[in-house]
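Shown next, in structure tokens, is the structure this report addresses.
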Amino acid sequence: MRTSCLSIRLAFATLCVVPAATASLGAQVIDLTVHDVGLAIGDKPSMTGVRFNYRDANLCAIHGVNVTLWSPYDPANGVVYGVALGVPVTGAEDIFGMTASVIGSGVRRNMVGVGVGGIGVGAGGDVRGIMLGGIGAGAGGSITGLSIGGIGVGSGRGLSGIQIGGIGVGGGGDVTGISVGGIGVGGGGNVNGIAVGGIGVGGGGSLTGIGIGGIGVGAGGSVTGIAIGGIGVGSGGTLKGVAAGGIGVGAPTVHGIAIAGLVVGGQYVQGLAAAGGYFKIADDGRLDGVGIAAVTNVRGQQHGLTIGLFNYAHELHGAQLGLINVSDNGGNRRVLPVISVR
């Protein structure tokens, strides 16, 4: 009898507790929507309208305005189509529209639209649109559009559009468009467009367009266009266009104009090379054009003109103008003052 009474009491208690727990959970949301349209306060998963919540845990999809006090629980879930506001921070899995916060906005995957953060704005995936971060703006994937970071702008993959970083701009892939970095601009791939760095501009691949660096401009591949470096310009491939360096300019191959305060060097040079101190063509190289420096040293073939105080050519097929002109065509050395033509 006692066992039977105890079972009845436990069953009755369970019946009482379940509705109470359900009511408690339901009390977390003040739902003022009609057919999920309107106003809600709390962690309502899906709706259209205006939603206020402390911190999202069960977000599914919000069409309208989502206002939160803190970033979502990890991992962030759900999508905001419209406006995500954070006081001080906010975030979601994806945001399509606009996100703004006092401190920062973070998106686990992709963000499309406008992102503004007092400290920073970022996404784990791709960003397309406008990003403004007081300290920084970044993405684990690619960034396309306008990005401005008080300290920097960076992406794990490519950057495309206009990027401005107080200290720097960098992408793990290609950097395309207009990039300005207080210290530098760099890309793990190619840099295409206009790149300006207070100290330097560099690309792991090629650089095409205009590159200006307070200290230097360089690329692992070719440099095509206009490159200006306070100290120097260098390329692991071909320099094509106009290159100017305060101290030096160098590349295996130069097509165009290379000007430096001290040294210009290459193996194959076609065009004009001018240096205040020294111009050199490497062994078995070739000059097709004009070389000007205090000392010109063509260790290969010279097809064109060199002008300097001292000029040397291993194989001269053109002219030398200078105080002393030396050429060794076929092992037959000739030393002449003023001018030598062979």
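Hydrogens, waters and symmetry mates play no part in the numbers below; they use all other heavy atoms, side chains included.
Nearest heavy atoms, Thr296 versus Ile292: CG2-C, 4.4 Å. In terms of heavy-atom proximity, Val107 sits nearest to Glu93 at CG1-O, 3.1 Å. The two residues Arg334 and Ser340 have their closest heavy-atom pair at CD-OG, 3.8 Å. When every heavy atom of Val116 is checked against every heavy atom of Ser105, the shortest pair comes out as O-OG, 3.8 Å. Taking every heavy atom of both residues into account, Lys280 and Arg299 meet most closely at CE-CG, 3.9 Å. Between Ser147 and Ile143 the shortest heavy-atom distance is OG-CG2, 3.0 Å.
Linking ILVMFWY side-chain heavy atoms closer than 4.5 Å, directly or via other members, places Val263 and Val295 in a single hydrophobic cluster. Residue Ile41 is grouped with residue Val65 when hydrophobic side chains (ILVMFWY) are merged at heavy-atom distances under 4.5 angstrom, including chains of intermediate members. Using a 4.5 Å cut-off between side-chain heavy atoms of Ile, Leu, Val, Met, Phe, Trp and Tyr, with links allowed through other members, Val37 and Ile62 fall into different hydrophobic clusters.
With a 6.0 Å radius and a threshold of 12 heavy atoms from other residues, nucleotides or ligands, Asp284 has its CG atom at or below the threshold. Within 6.0 Å of the CZ atom in Arg342, the count of heavy atoms belonging to other residues, nucleotides or ligands exceeds 12.
The CD1 atom of Ile95 sits 8.5 Å away from atom CG of Asn66, with the distance rounded to the nearest 0.5 Å. Atoms CZ and OH, from Phe310 and Tyr278 in turn, are 9.5 Å apart once rounded to the nearest 0.5 Å. Here Ile135 contributes atom CD1 and Ile151 contributes atom CD1; the two are 5.0 Å apart, rounded to the nearest 0.5 Å. The line from CE of Met47 to NE2 of His63 is 11.5 Å long, rounded to the nearest 0.5 Å. Distance CD1/Ile247 to CG/Leu262: 7.0 Å, rounded to 0.5 Å. With rounding to the nearest 0.5 angstrom, the CG atom of Asn297 is 10.5 Å from the CD atom of Gln302.
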Please step through side chain to side chain contact (heavy atoms under 4.5 Å, CB included) for the pair Val335 and Ile324, ending with a clear verdict.
CA-CA 7 Å; Val335 180; Ile324 301 174; 4.1 Å; yes
Where do Ser155 and Ser142 land on the side-chain hydrogen bond (donor to acceptor under 3.5 Å, both in side chains) test, with the steps shown first?
CA-CA 6 Å; Ser155 71; Ser142 62; over 6 Å; no
Test side chain to side chain contact (heavy atoms under 4.5 Å, CB included) on Ile30 and Leu32 and set out the steps.
CA-CA 6 Å; Ile30 301 175; Leu32 303 177; 4.2 Å; yes
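Tyr268 places none of its side-chain heavy atoms less than 4.5 Å from the side chain of Asp288. For the pair Val269 and Ile281, the minimum side-chain heavy-atom distance is below 4.5 Å. Counting only heavy atoms from C-beta outward, the side chains of Leu132 and Val121 never approach each other to under 4.5 Å.
Side-chain polar atoms of Thr68 and Thr90 form a donor-acceptor pair below 3.5 angstrom.
For Asn110 (side chain) and Asp126 (main-chain N/O), a donor-acceptor pair under 3.5 Å exists by modelled atom type. A side-chain donor-acceptor contact under 3.5 Å links Gln320 to the backbone of Val326.
Just one of Arg286, Lys240, His255 meets the side chain to side chain donor-acceptor pair (under 3.5 Å) condition when paired with Gln270; it is His255.
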Contacts under 3.5 angstrom, residues 185-213 side chains, donor-acceptor by atom type, not counting sequence neighbours:
residue	atom	partner	partner atom	Å
Asn190	OD1	Ser206	N	2.8
Asn190	OD1	Ser206	OG	3.2

Return all side-chain donor-acceptor pairs below 3.5 angstrom for residues 69-83, not counting sequence neighbours, or 'none' if the list is empty.
residue	atom	partner	partner atom	Å
Asn77	ND2	Pro75	O	3.4

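Under a 4.0 Å N-O distance rule, the pair Arg51/Asp43 qualifies as a salt bridge.
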